[in-house]
Amino acid sequence: MKRGGMIVALAAFSGAMAVMAGAFGAHGASGKAAEWLRTGALYQMVHAVAAIVATGLPRGRGPAWLFVAGGGLFAGTLYAMALGGPRVLGAITPIGGAALIGGWLWLAAGSLRR
């Protein structure tokens, strides 16, 4: 497999899921569920693209993995709650958010190193 191939494939799948969730949030859900779907879709899409870009950067693979994993966890818990899952999943959502933040900080630190 090409360098970054698995990350790019997972990020592309993540982007497709974000489009589906956003569309469902816009056309098939209402209230809090629609809000969770839109928020999840936004964060998942942004980080899917960030993961693809990061794979091409020096020291970008680690942050890319955090973007994919964190985006999936963050958005996935919101999607699950929007589809009727228990609200206790909301306690897991910040773990995904922390992974996203960690990815950005790792990318920043790696970019400052020579």
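Quick note: residue numbers are just sequence positions, from 1.
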Closest approach of [X] to [Y] (non-hydrogen atoms, all atoms of both residues):
X	Y	result
Phe67	Gly103	CE2-C, 3.5 Å
Leu73	Gly96	CD2-N, 3.6 Å
Gly90	Pro94	O-CD, 3.2 Å

Would you give the length of the straight line joining atom [atom1] of [X] to atom [atom2] of [Y], rounded to the nearest 0.5 angstrom?
X	Y	atom1	atom2	answer
Trp36	Thr93	CH2	OG1	9.0 Å
Arg87	Thr77	CZ	OG1	13.0 Å
Arg59	Leu112	CZ	CG	10.0 Å

Contact check, side chains of Phe24 and Met20, non-hydrogen atoms, under 4.5 Å: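 They are not in contact (no side-chain heavy atoms under 4.5 Å apart), so the answer is no.
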Side-chain touch Leu89/Ile92, heavy atoms, less than 4.5 angstrom: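 Leu89 vs Ile92: side chains touch.
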NZ/NE/NH1/NH2 to OD/OE distance under 4.0 Å, Glu35 and Lys32: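 Salt bridge present between Glu35 and Lys32.
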Backbone N/O of Leu10 and side chain of Ser14: donor-acceptor pair under 3.5 Å: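 The answer is no, because no donor-acceptor pair under 3.5 Å joins these two groups.
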Under 3.5 Å: donor-acceptor pair, side chain of Thr55, backbone of Ile52: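 Pair found, side chain donor or acceptor close to backbone of Ile52.
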Shared hydrophobic cluster, Tyr79 / Met81 (ILVMFWY, side-chain heavy atoms < 4.5 Å):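 Hydrophobic grouping puts Tyr79 apart from Met81.
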